[in-house]
Amino acid sequence: MIKIVSGWSNPGGSTTAFINLCNLFNENGHKCIFYGPHQWHLDKCKGGTFQDINLTEDDVLIYHFLDIFKTRPPVKKFVLSLHEKDLYNLNVKEHNMFDTIHFLNEEQIEWHGGKEQFKNYFISPNTHDNLVPSPKLDLKVGGVIGTIDHNKQTHKSIERALNDGCEQVHVYGSITDQTYYNNYVSKYETHKKVYLHGFAGNKQNVYDSVSDVYQSSLSENASFVRDECIITNVNFHGNENIVEQAILTNEDVLKIWVKELEL
């Protein structure tokens, strides 16, 4: 059994990636369960919460955004799936217990100290939702997509979209930092051109509603939004902190994981 255990299972890029990966494993005959501390993922894949976890020596454990093991758990294979840069500083954590480490791109490895640190690792981009190119709009419509917090700098993306001549700016994302929202984003609640939608589950509808997407993160390892803009043929406007990475089909991503996990 493949067991994915993550410290975050509310809406977000890593959660989406693990939901898709879990479904991909199960659809191809590899039994998989995704465990997390929140409820959001439970109806989107074969999932459970932390109290449901029961590890056995036959399990392959994919581990993310946690620091609960001081020694290697008694599993068949122990894999750290690292989606973050400064949010999870591998340089100060004990990583020798892992059989291998999953990175999303080369730049992420360099940020964490370089290849020579790691005895075993592999690179694979994330899986993606099944999206198709969006229809062209008559108006220039801006989009700001992602969690609303200090790191994402949502307010800067809104201003960039307005300054770029967007006649409307649609903001899609959950508030994960209420203080930041109150100080920087709430003022747009009464702006005639800005529409604050909150989290939107249907990504195709989101990308169909905009012509240009803006992202202004302070730190971004692998931008799901950038990849989805490429897939949907929406103009993407990032900043110097956006790391570009390869976009593979879900089938090709699965092949990488199957090889690395020796399934």
Side-chain angles (χ1 to χ4, degrees), residues 10-17 19-20 40 83-85 87 104-105 107-108 125-177 180-181 184-189 191-250:
N10 261 339
S14 65
T15 307
T16 298
I19 288 170
N20 289 343
W40 185 74
H83 291 232
E84 295 75 25
K85 292 200 295 186
L87 292 177
L104 296 176
N105 50 59
E107 184 167 322
Q108 184 190 22
N126 281 322
T127 56
H128 290 92
D129 292 334
N130 295 318
L131 300 172
V132 298
S134 296
K136 292 298 181 184
L137 303 178
D138 294 331
L139 300 176
K140 186 170 185 175
V141 180
V144 181
I145 302 169
T147 53
I148 299 175
D149 58 30
H150 175 72
N151 181 60
K152 293 294 185 183
Q153 294 286 284
T154 308
H155 71 290
K156 288 189 177 180
S157 293
I158 295 171
E159 285 301 316
R160 287 174 60 203
L162 291 171
N163 292 337
D164 200 29
C166 291
E167 299 187 42
Q168 300 174 9
V169 180
H170 296 272
V171 182
Y172 299 98
S174 303
I175 301 170
T176 56
D177 185 340
Y180 168 79
Y181 178 86
Y184 294 99
V185 181
S186 62
K187 62 185 179 182
Y188 296 106
E189 291 174 353
H191 196 289
K192 292 181 179 180
K193 290 187 176 182
V194 178
Y195 302 84
L196 303 174
H197 298 284
F199 175 76
N202 190 318
K203 287 187 178 181
Q204 189 66 57
N205 287 347
V206 168
Y207 288 101
D208 287 351
S209 72
V210 299
S211 64
D212 295 74
V213 166
Y214 299 80
Q215 194 169 49
S216 308
S217 301
L218 296 175
S219 175
E220 193 80 24
N221 176 44
S223 173
F224 241 111
V225 172
R226 173 255 182 192
D227 294 354
E228 289 167 348
C229 284
I230 293 173
I231 294 170
T232 57
N233 200 27
V234 169
N235 299 318
F236 178 72
H237 308 271
N239 64 4
E240 67 278 3
N241 297 320
I242 306 300
V243 177
E244 295 189 4
Q245 65 172 8
I247 301 176
L248 300 182
T249 66
N250 288 349

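Numbers here simply count residues along the sequence, with the first being 1.
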Practice problem: Check step by step if side chain to side chain contact (heavy atoms under 4.5 Å, CB included) holds for Lys85 and Asn241. | Solution: CA-CA 11 Å; Lys85 292 200 295 186; Asn241 297 320; over 6 Å; no

Quiz item: Stepwise, does the side chain to side chain contact (heavy atoms under 4.5 Å, CB included) test hold for Thr16 with Thr127?
Solution: CA-CA 8 Å; Thr16 298; Thr127 56; over 6 Å; no

Quiz prompt | Intermediate values then yes/no, side chain to side chain contact (heavy atoms under 4.5 Å, CB included), Val169 and Tyr195 | solution = CA-CA 6 Å; Val169 180; Tyr195 302 84; over 6 Å; no

Quiz item: Could you go step by step and tell me if Leu196 and Tyr181 meet the side chain to side chain contact (heavy atoms under 4.5 Å, CB included) rule?
Solution: CA-CA 11 Å; Leu196 303 174; Tyr181 178 86; 3.5 Å; yes

Practice problem: Decide yes or no on salt bridge (Lys or Arg N to Asp or Glu O under 4.0 Å) for Lys193 and Glu167, but give the supporting numbers first. | Solution: CA-CA 6 Å; Lys193 290 187 176 182; Glu167 299 187 42; over 6 Å; no

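Rounded to the nearest 0.5 Å, atoms CZ (Phe224) and CG (Leu104) are 9.0 Å apart. Taking CG of Asp164 as the reference point, atom OG of Ser157 lies at 11.5 Å (rounded to 0.5 Å). The line from CG of Asp212 to CG of Leu139 is 11.5 Å long, rounded to the nearest 0.5 Å. Between the OG atom in Ser217 and the CZ atom in Arg226 there is a gap of 13.5 Å [rounded to 0.5 Å]. Put simply, CD1 on Ile230 and CG on Asn235 are 11.5 Å apart, with the number rounded to the nearest 0.5 Å. Rounding to the nearest 0.5 angstrom, the gap separating the OG atom in Ser223 from the CD1 atom in Ile145 is 9.5 Å.
Panel note: side chain Thr232, backbone Pro133; no donor-acceptor pair is recorded below 3.5 Å. The main-chain N or O of Val132 is found under 3.5 Å from a side-chain atom of Gln204 such that the two form a donor-acceptor pair. Put simply, the side chain of Gln215 never gets that close to the backbone of Ile242: no donor and acceptor are under 3.5 Å apart. Remark: side-chain polar atoms of Ser211 are paired, donor with acceptor, to backbone N or O of Val141 under 3.5 angstrom. Remark: the backbone N or O of Ala17 is not paired with any side-chain donor or acceptor of Asn126 at under 3.5 angstrom. In this structure, Asp149 contributes its side chain and Asp177 its backbone to no donor-acceptor pair below 3.5 Å. Looking at Thr15, its side chain does come within 3.5 Å of a backbone N or O of Asn10 through a donor-acceptor pair. For the pair Asn151 (side chain) and Ser219 (backbone), a donor-acceptor distance under 3.5 Å is present.
No side-chain donor-acceptor contact under 3.5 Å links Asn239 and Tyr214. Residues Gln168 and His170 have side chains that bring a donor and an acceptor to within less than 3.5 angstrom of each other. Using modelled atom types and a 3.5 Å distance limit, the side chains of Asn20 and Asp129 yield a donor-acceptor pair. With no hydrogens or angles considered, a side-chain donor-acceptor pair links Ser209 and Tyr172 at under 3.5 Å. Counting only N and O atoms by type, the side chains of Asp208 and Ser134 include a donor and acceptor under 3.5 Å apart.
In this structure Glu220 satisfies the salt bridge (Lys or Arg N to Asp or Glu O under 4.0 Å) test together with Lys152, sequence neighbours excluded. Evaluation of the side chain to side chain donor-acceptor pair (under 3.5 Å) rule for Asp227 yields His128, Gln245 as partners, not counting sequence neighbours.
The heavy-atom pair separating Thr154 from Thr147 by the smallest distance is OG1-O, 3.8 Å. Minimum heavy-atom separation, Val225 to Val213: CG1-CG1, 3.5 Å. Contact between Gly142 and Val210 at its shortest, heavy atoms only, is O-CG1, 3.6 Å. Nearest heavy-atom pair across Val206 and Ala200 is CG2-CB, 3.6 Å.
Among Gln153, Lys156, Glu159, Arg160, the one residue that satisfies the side chain to side chain donor-acceptor pair (under 3.5 Å) test with Ser216 is Arg160.
More than 12 heavy atoms of other residues, nucleotides or ligands lie within 6.0 Å of CG in Asn163, so this atom counts as buried by the packing criterion. More than 12 heavy-atom neighbours from other residues, nucleotides or ligands sit within 6.0 angstrom of CZ on Phe236.
At least one side-chain heavy atom of Leu162 sits less than 4.5 Å from a side-chain heavy atom of His191.
Between His155 and Tyr180, the gap from one ring centroid to the other is short of 6.0 Å.
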